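If you're wondering where the values come from, they're calculated on a predicted model, not measured in any experiment. Proteins get letters first, then strands, A, B, ... in listed order; numbering begins at 1 in each.
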Protein chains: 2
Amino acid sequence: MFRLDGRQNVPIYEQVVRRVKELTLRGVLKPGDKLPTVRELSAMIVANPNTVSKAYQELERSGVIETRPGKGTFVAERIRVEPDERIKADLRERLWPVVVDAVYFGVRLKEFEAWVREAFNELGGESGEPKA
Amino acid sequence: MFRLDGRQNVPIYEQVVRRVKELTLRGVLKPGDKLPTVRELSAMIVANPNTVSKAYQELERSGVIETRPGKGTFVAERIRVEPDERIKADLRERLWPVVVDAVYFGVRLKEFEAWVREAFNELGGESGEPKA
DNA sequence: CTATATGTACTATTATGCATAGTACATATC
DNA sequence: GATATGTACTATGCATAATAGTACATATAG
């Protein structure tokens, strides 16, 4: 469940952050669920507790989880807000180099869009307007 | 033309690589065109010649440019091949975390797809099947 | 209160990547 | 020969990531 893919260029703490985000989006982790303790998770993925703590702190800053001192860390309630322009601009900046390489390698728009749709579906992303 | 956007988290040499790829895709740089010399470009962007050299070497490994010893570096002929599965898998891995955050921030599929289309259009990416 | 588990803070150390400075060299051109 | 090209090399500085180890405030169970 918390197994890391082992991409060496991606920092461990960043991999943890991504993994937890994925699990919450997929619904595997639901609001209120307890996450492994820092020490537990550090043992699972064979890393330093400080590294896991760093990941948890970043996740808390992002509002993904909540830490209750002395108790543990828990998945936070999902707050749905309209993404502001700063966030969108940042996402587009991150998307850009991927598209650059895709175009360079001859990937066609239709195929790339298919990848996007698949990813959205896997993550339960909303495809259109809010459902009322 | 070679001005860097100054994103601090992106290494200089990586910014150069992206910039050259963009310029070739947009058609600003055409096959056979001469690039600035290592020393020239390093002066333009105020960086070390070694840093520019590193970028050029990576671009040559990718087949974007060719270096003729003693003469300079030139834009290579664009070889169009069907991207193999390894490249596609790599691109999808790079796309994935962007989509994760997009979904988390509430970006809808339609808007994200619009971003993709815009990027493809800017880069002259092919939108459908080859034109015969 | 005691013992335990929680996240966190702190210092110190190591490893890696990025960038710089400076020098040098083989190749090509004039 | 002089110059311009990309490249190789060593050395240094700096930031980030990760580790090891210790310690502390908080919460909970006995």
When the distance from [atom1] of [X] to [atom2] of [N] is rounded to whole Å, what number comes out?
X: B/E58; N: D/dG6; atom1: CD; atom2: P; value: 17 Å
X: A/N9; N: C/dG17; atom1: CG; atom2: P; value: 10 Å
X: A/L35; N: C/dT8; atom1: CG; atom2: P; value: 12 Å
X: B/F74; N: D/dT5; atom1: CZ; atom2: P; value: 10 Å
X: B/R68; N: C/dA28; atom1: CZ; atom2: P; value: 12 Å
X: A/E66; N: C/dG7; atom1: CD; atom2: P; value: 14 Å
X: B/R61; N: D/dT7; atom1: CZ; atom2: P; value: 11 Å
X: A/E60; N: C/dA9; atom1: CD; atom2: P; value: 10 Å

Measure the spacing between CG of A/D90 and CG of A/L95 and express it to the nearest 0.5 Å. 11.5 Å

When you look at B/R18 and B/V10, which way does the side-chain contact (heavy atoms from CB on, under 4.5 Å) test go after all the steps? CA-CA 10 Å; B/R18 291 182 186 178; B/V10 181; 4.1 Å; yes

Quick one: does A/S42's side chain have a donor or acceptor within less than 3.5 Å of a partner on A/R39's backbone? yes

Cationic tip of A/R68 above A/F74 ring, under 6.0 Å, 45° of axis: yes

Under 6.0 Å from the ring centre and within 45 degrees of the ring axis: does the NZ or CZ of B/R108 meet both conditions for the six-membered ring of A/F120? no

Does B/T37 make a side-chain N or O approach to OP1 or OP2 of D/dA4 shorter than 4.0 Å? no

C/dT27 OP1/OP2 closer than 4.0 Å to side-chain N/O of B/K71: no

Shorter than 3.5 Å, N or O on both sides, protein versus nucleotides 16-21 of chain D: list them out with atom names.
| residue | atom | partner | partner atom | Å |
| --- | --- | --- | --- | --- |
| D/dA17 | OP1 | A/Y13 | OH | 2.8 |
| D/dA17 | OP2 | A/K54 | NZ | 2.9 |
| D/dA18 | OP1 | A/I12 | N | 2.2 |
| D/dT19 | OP2 | A/N48 | N | 2.8 |
| D/dT19 | OP2 | A/T51 | OG1 | 2.8 |
| D/dA20 | N7 | A/N48 | ND2 | 3.4 |
| D/dA20 | N6 | A/N50 | ND2 | 3.2 |
| D/dG21 | O6 | A/N50 | ND2 | 3.1 |

Side chain to side chain contact (heavy atoms under 4.5 Å, CB included) partners of B/R117, counting only residues at least two apart: A/L109, A/E113, B/E113, B/A114

Candidates C/dA28, C/dG7, D/dT7 - which lies nearest the side chain of A/T67: C/dG7

So, does the side chain of B/R39 form a donor-acceptor pair with the base of D/dG6 at under 3.5 Å? yes

How about B/Y13 and B/Q57: do any of their side-chain heavy atoms sit closer than 4.5 Å? no

